[in-house]
S.K.: 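Please find one structure pasted underneath; my questions will follow.
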Protein chains: 2
Amino acid sequence: MTGTKDRILAAGAELFRHGGYAGTGMKQIVEKAGAPFGSVYHFFPGGKEQLGEEVVRTSGMQYAQLFEVFIAPSPDLITGIETFFAGAVTTLLDTDYVEGCPIATVALEAATTNEPLRRATADVFEAWTKAGTKGFSAFGLPEEHARTLTLALVTSLEGAFVLCRSMRTTEPMAVAGAAVVDVARRLLAELGDDGKRRPEDS
Amino acid sequence: MTGTKDRILAAGAELFRHGGYAGTGMKQIVEKAGAPFGSVYHFFPGGKEQLGEEVVRTSGMQYAQLFEVFIAPSPDLITGIETFFAGAVTTLLDTDYVEGCPIATVALEAATTNEPLRRATADVFEAWTKAGTKGFSAFGLPEEHARTLTLALVTSLEGAFVLCRSMRTTEPMAVAGAAVVDVARRLLAELGDDGKRRPEDS
DNA sequence: GTCTATAGACGGATAGAC
DNA sequence: GTCTATCCGTCTATAGAC
């Protein structure tokens with residue numbers, strides 16, 4: 001059985017993702033969560049800001065798993081990237097361009113207007129970068145290169161979500177995936193590597 | 001002498017860029033523009049939605065010129081891209097990570113909540129894509145490749161703005177620029193071209 | 001036609017009943 | 001400790017004075 005706090009966090013995550021932080025009301029959130037209004041201040045005494053922060057951290061950290069799900073099981077680094085972006089395309093089409101990044105909207109809103117909230121989004125992006133760096137290192141990339149490749153992946157993905165959801169096409173996402181593959185090929189070429197997983201890292 | 005409507009549009013552009021569409025009030029806008037409150041409904045009878053739409057279109061179209069300014073005068077395509085992203089890094093540092101894309105925040109907010117506003121952002125992105133495609137075509141790239149390269153540039157740029165402004169580092173922007181260069185190199189290699197401007201196109 | 005004062009709705013937050 | 005009724009500020013939008 002899911003607790004009330006979890007339901008509020010889940011409702012907040014969905015509403016913030018769609019309508020943004022400023023565009024979403026507390027009453028909207030508790031209504032969607034099926035909770036009485038007062039309970040939100042019981043679980044989040046810091047009010048909307050605390051709720052926003054916790055929503056960003058929890059929903060953001062859940063998405064870090066996507067690196068494990070899509071890239072880690074792949075036979076080589078390139079197909080891992082291609083699978084990852086194919087998944088993003090599927091998500092866009094299946095949800096009619098509703099589901100994108102869970103925190104990008106809030107990140108842009110908060111960047112210069114709400115320091116604690118900005119910090120939360122930054123922590124999530126840093127966690128994603130760490131997770132991706134670890135995942136790509138398993139394919140034999142030195143840590144610095146693995147970090148570069150992860151940043152290329154996340155930036156391309158985020159930007160593609162912006163364009164795809166605005167223009168309602170998956171074309172930018174396909175281009176973005178191909179761009180990250182180009183980066184991976186360049187980094188592998190610098191090493192003289194083939195991108196296959198190394199036995200000692202399995 | 002700048003008219004009142006232009007001042008309102010300029011103030012709206014700056015405030016929407018920082019605080020987003022939902023997070024910015026009409027009173028804030030007219031105050032910053034130094035205009036009386038009623039004048040906003042005189043110039044924008046459609047209210048906030050019409051104002052948002054016109055802000056997105058005017059400020060978005062102004063940014064299309066950046067392709068001409070940074071990329072067109074370059075001796076070759078690769079240095080054009082590098083100059084473009086170096087400019088983005090300078091902007092981030094000079095403005096302490098305040099200035100990013102003028103419409104990305106609104107694009108994400110409006111994607112699933114405000115159809116006319118989403119449309120305006122989509123039209124701007126399409127205009128940028130057209131401008132970039134034309135610009136890259138001048139370097140001898142076939143139109144389809146030039147469009148692909150432009151989409152790679154815009155997606156990488158947008159995503160890098162999200163991460164840079166959230167994390168307060170320019171690292172993602174540097175990685176994004178290098179990624180777009182990788183895409184350009186791949187497209188040029190497919191053509192056996194050197195990326196220099198063609199005499200007949202100058 | 002420019003501007004002010006206000007309406008009407010909704011925002012976040014809280015006090016207090018149970 | 002759970003929930004409801006309400007407060008006060010701010011929002012968009014408008015009516016009407018000048």
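Model, not experiment: these values are computed from the prediction. Residue numbers begin at 1 in each chain, while the letters A, B, ... track the order of the sequences.
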S.K.: Quick one: stems involving DNA chain C, counted as three or more successive Watson-Crick or G-U pairs, both distances short of 3.5 Å.
M.R.: C:1-18 with D:1-18
S.K.: Is it true that the side chains of T121(A) and S166(B) contain a donor and an acceptor less than 3.5 Å apart?
M.R.: yes
S.K.: For E99(B) and H18(B), what are the C-alpha separation, side-chain angles and deciding distance, and is it a side chain to side chain contact (heavy atoms under 4.5 Å, CB included)?
M.R.: CA-CA 8 Å; E99(B) 302 285 326; H18(B) 299 348; 3.6 Å; yes
S.K.: Students often mix this up, so state it plainly: with edges at 30° and 60°, are the rings of Y21(B) and F16(B) parallel, tilted or perpendicular?
M.R.: tilted
S.K.: Considering the options V89(A), D96(A), T95(A), T91(A), which one meets the side chain to side chain contact (heavy atoms under 4.5 Å, CB included) requirement together with L93(A)?
M.R.: V89(A)
S.K.: Could you tell me how far apart E31(B) (CD) and dT4(C) (C1') are, to the nearest whole angstrom?
M.R.: 15 Å
S.K.: What is the distance, rounded to the nearest whole Å, between atom CZ of R7(B) and atom C1' of dC3(C)?
M.R.: 14 Å
S.K.: Do other residues, nucleotides or ligands put more than 12 heavy atoms under 6.0 Å from E115(B) CD?
M.R.: yes
S.K.: Can you tell me how far P of dT2(C) sits from NE2 of H42(B), to the nearest Å?
M.R.: 4 Å
S.K.: Keeping to residues at least two apart or across chains, list the ring pair (Phe, Tyr, Trp, His ring centres under 6.0 Å) pairs with something in residues 109-133 of chain B.
M.R.: F125(B)-W128(B)
S.K.: How would nucleotides 5-18 of chain C be written as a contact map, 5' to 3', with B for base contact, S for sugar-phosphate-only contact and - for no contact, using protein heavy atoms under 4.0 Å?
M.R.: B-----BBBB----
S.K.: Tell me whether the guanidinium CZ or amine NZ of K5(A) lies under 6.0 angstrom from the six-membered ring centre of F44(A) and within 45° of its axis.
M.R.: yes
S.K.: Might you confirm whether atom CD of E190(A) has over 12 heavy atoms from other residues, nucleotides or ligands at distances under 6.0 Å?
M.R.: yes
S.K.: From CG of N114(B) over to P of dT12(D), roughly how many Å is that when rounded to an integer?
M.R.: 13 Å
